[in-house]
Undergrad: 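Dumping the structure here so I can ask a few things about it.
Model, not experiment: these values are computed from the prediction. Per chain, numbering begins at 1; letters A, B, ... match sequence-line order.
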Amino acid sequence: AQTVTQSQPEMSVQEAETVTLSCTYDTSESDYYLFWYKQPPSRQMILVIRQEAYKQQNATENRFSVNFQKAAKSFSLKISDSQLGDAAMYFCANRGSNYQLIWGAGTKLIIKP
Amino acid sequence: DTGVSQDPRHKITKRGQNVTFRCDPISEHNRLYWYRQTLGQGPEFLTYFQNEAQLEKSRLLSDRFSAERPKGSFSTLEIQRTEQGDSAMYLCASSVGDLGTDTQYFGPGTRLTVL
């Protein structure tokens with residue numbers, strides 16, 4: 001069975017600094033996809049970044065980048081130059097061949113002004 | 001492209017009542033998903049449709065839950081004889097494309113409170 005673990009229930013960072021959110025996963029599939037979604041308070045889930053498991057190059061989207069360690073089954077999210085608008089719950093998710101997403105429990109990110 | 005919409009946004013009901021939620025996906029998205037999210041947790045998969053066909057159902061989806069997507073466009077999720085444990089946020093998402101390009105886009109959710 002696929003599982004996703006986020007071991008940090010809450011993280012805080014000073015505005016303009018860098019923070020890394022951790023995620024580990026387990027899957028028996030050889031071809032899968034990993035995602036980070038952001039859920040601001042009382043707002044909908046928004047895709048932050050995705051990574052194809054067959055690609056060795058780490059995905060980047062502006063201030064967001066991942067550190068994908070396939071052998072270690074680790075998929076961390078780095079947010080550079082943190083902004084107040086980055087405050088949200090961040091969820092890591094894994095998707096295999098059956099299209100459904102398997103989610104972690106989330107990490108609450110607090111940005112200190 | 002107006003995004004995924006869900007109706008209602010909030011529903012309060014008494015235990016034992018039936019409730020129905022609606023989801024309108026992004027137009028031309030052929031896949032539609034339902035997830036349930038309880039407070040402080042990540043979403044849990046309930047079911048998904050490809051066009052009008054319901055292809056997969058989680059064991060979480062008891063016989064009190066039923067979902068339909070009659071014309072391959074909007075979908076409804078019905079919960080019969082609601083229980084307090086059904087209180088949660090019900091999320092809908094839609095997507096299109098093959099496995100390599102498929103990304104799920106989420107609606108704002110329907111928050112259900114069962115008294």
Undergrad: Of all the heavy-atom pairs spanning B:Gln104 and A:Leu101, show the shortest one and how long it is.
TA: OE1-CD1, 3.4 Å

Undergrad: Crowded around B:Arg15 CZ? As in, over 12 foreign heavy atoms under 6.0 Å?
TA: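 Open.
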
Undergrad: Do A:Phe91 and B:Gln37 have side chains that get closer than 4.5 Å, going by heavy atoms?
TA: yes

Undergrad: Between A:Leu84 and A:Tyr90, is there shared hydrophobic-cluster membership here, with clusters defined by ILVMFWY side-chain heavy atoms closer than 4.5 Å?
TA: yes

Undergrad: Determine whether more than 12 heavy atoms belonging to other residues, nucleotides or ligands lie under 6.0 Å from atom CD of B:Glu68.
TA: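 Atom CD in B:Glu68 is not packed in, count stays at 12 or less.
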
Undergrad: Please check if atom CD1 in A:Ile46 has more than 12 non-hydrogen atoms from other residues, nucleotides or ligands closer than 6.0 Å.
TA: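 Correct, the count exceeds 12.
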
Undergrad: Under 4.5 Å between side-chain heavy atoms, hopping through other hydrophobics if needed: is there a path connecting B:Ile79 to B:Leu61?
TA: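 Yes.
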
Undergrad: Is there a path of hydrophobic side-chain contacts, each under 4.5 Å between heavy atoms, that joins A:Val48 and A:Leu21?
TA: yes

Undergrad: If you count heavy-atom pairs within less than 4.5 Å of chain A, which of B:Gln41, B:Glu44, B:Glu56, B:Gln6 leads?
TA: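 Most pairs with chain A among the choices: B:Glu56.
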
Undergrad: Under 4.5 Å between side-chain heavy atoms, hopping through other hydrophobics if needed: is there a path connecting A:Val4 to A:Tyr33?
TA: no

Undergrad: Go through B:Pro43, B:Ala93, B:Pro108 and name the one with the most non-hydrogen pairs under 4.5 angstrom from chain A.
TA: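 If we count pairs closer than 4.5 Å to chain A, B:Pro43 comes out on top.
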
Undergrad: Answer yes or no: does atom CD of A:Glu10 have more than 12 heavy-atom neighbours from other residues, nucleotides or ligands under 6.0 Å?
TA: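 Above 12, so yes.
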
Undergrad: Please check: side-chain N/O of B:Arg31 versus main-chain N/O of A:Tyr99, any donor-acceptor pairing under 3.5 Å?
TA: no

Undergrad: Keeping the roles fixed (side chain from A:Arg95, backbone from B:Thr103), state whether a donor-acceptor pair exists under 3.5 Å.
TA: no

Undergrad: Do A:Gln44 side-chain atoms and B:Val4 backbone N/O form a donor-acceptor pair below 3.5 Å?
TA: no

Undergrad: Going from OH on B:Tyr35 to CE on A:Met45, what distance comes out if it is rounded to the nearest 0.5 angstrom?
TA: 9.5 Å

Undergrad: Any side-chain heavy atom of B:Ser58 within less than 4.5 Å of one from A:Gln100?
TA: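 The answer is no, as the side chains (C-beta and beyond) never meet within the 4.5 Å cut-off.
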
Undergrad: If you group Ile, Leu, Val, Met, Phe, Trp and Tyr by side-chain heavy-atom gaps below 4.5 Å, do B:Tyr33 and B:Leu55 land in one group?
TA: yes

Undergrad: Using only non-hydrogen atoms and a strict under-4.5 angstrom cutoff, which residues of residues 59-80 of chain A touch chain B?
TA: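 The stretch does not come within 4.5 Å of chain B.
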
Undergrad: Heavy-atom distances under 4.5 Å only: say whether A:Arg43 touches chain B with side chain, backbone, both or neither.
TA: neither

Undergrad: Could you look at A:Gln6 and say if it's the side chain, the backbone, both or neither that has a heavy atom under 4.5 Å from chain B?
TA: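 Nothing of A:Gln6, per the 4.5 Å heavy-atom cut-off to chain B.
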
Undergrad: If contact means a heavy atom pair closer than 4.5 Å, which residues of residues 84-92 of chain B contact chain A?
TA: B:Leu91

Undergrad: Flag yes if more than 12 heavy atoms outside B:Leu39 fall under 6.0 Å of its CG atom; otherwise flag no.
TA: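 12 or below, so no.
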
Undergrad: Do the rings of B:Phe106 and A:Trp103 sit parallel, tilted or perpendicular, given the 30° and 60° boundaries?
TA: perpendicular

Undergrad: Side chain, backbone, both or neither: which part of A:Phe35 has an atom under 4.5 Å from a heavy atom of chain B?
TA: side chain

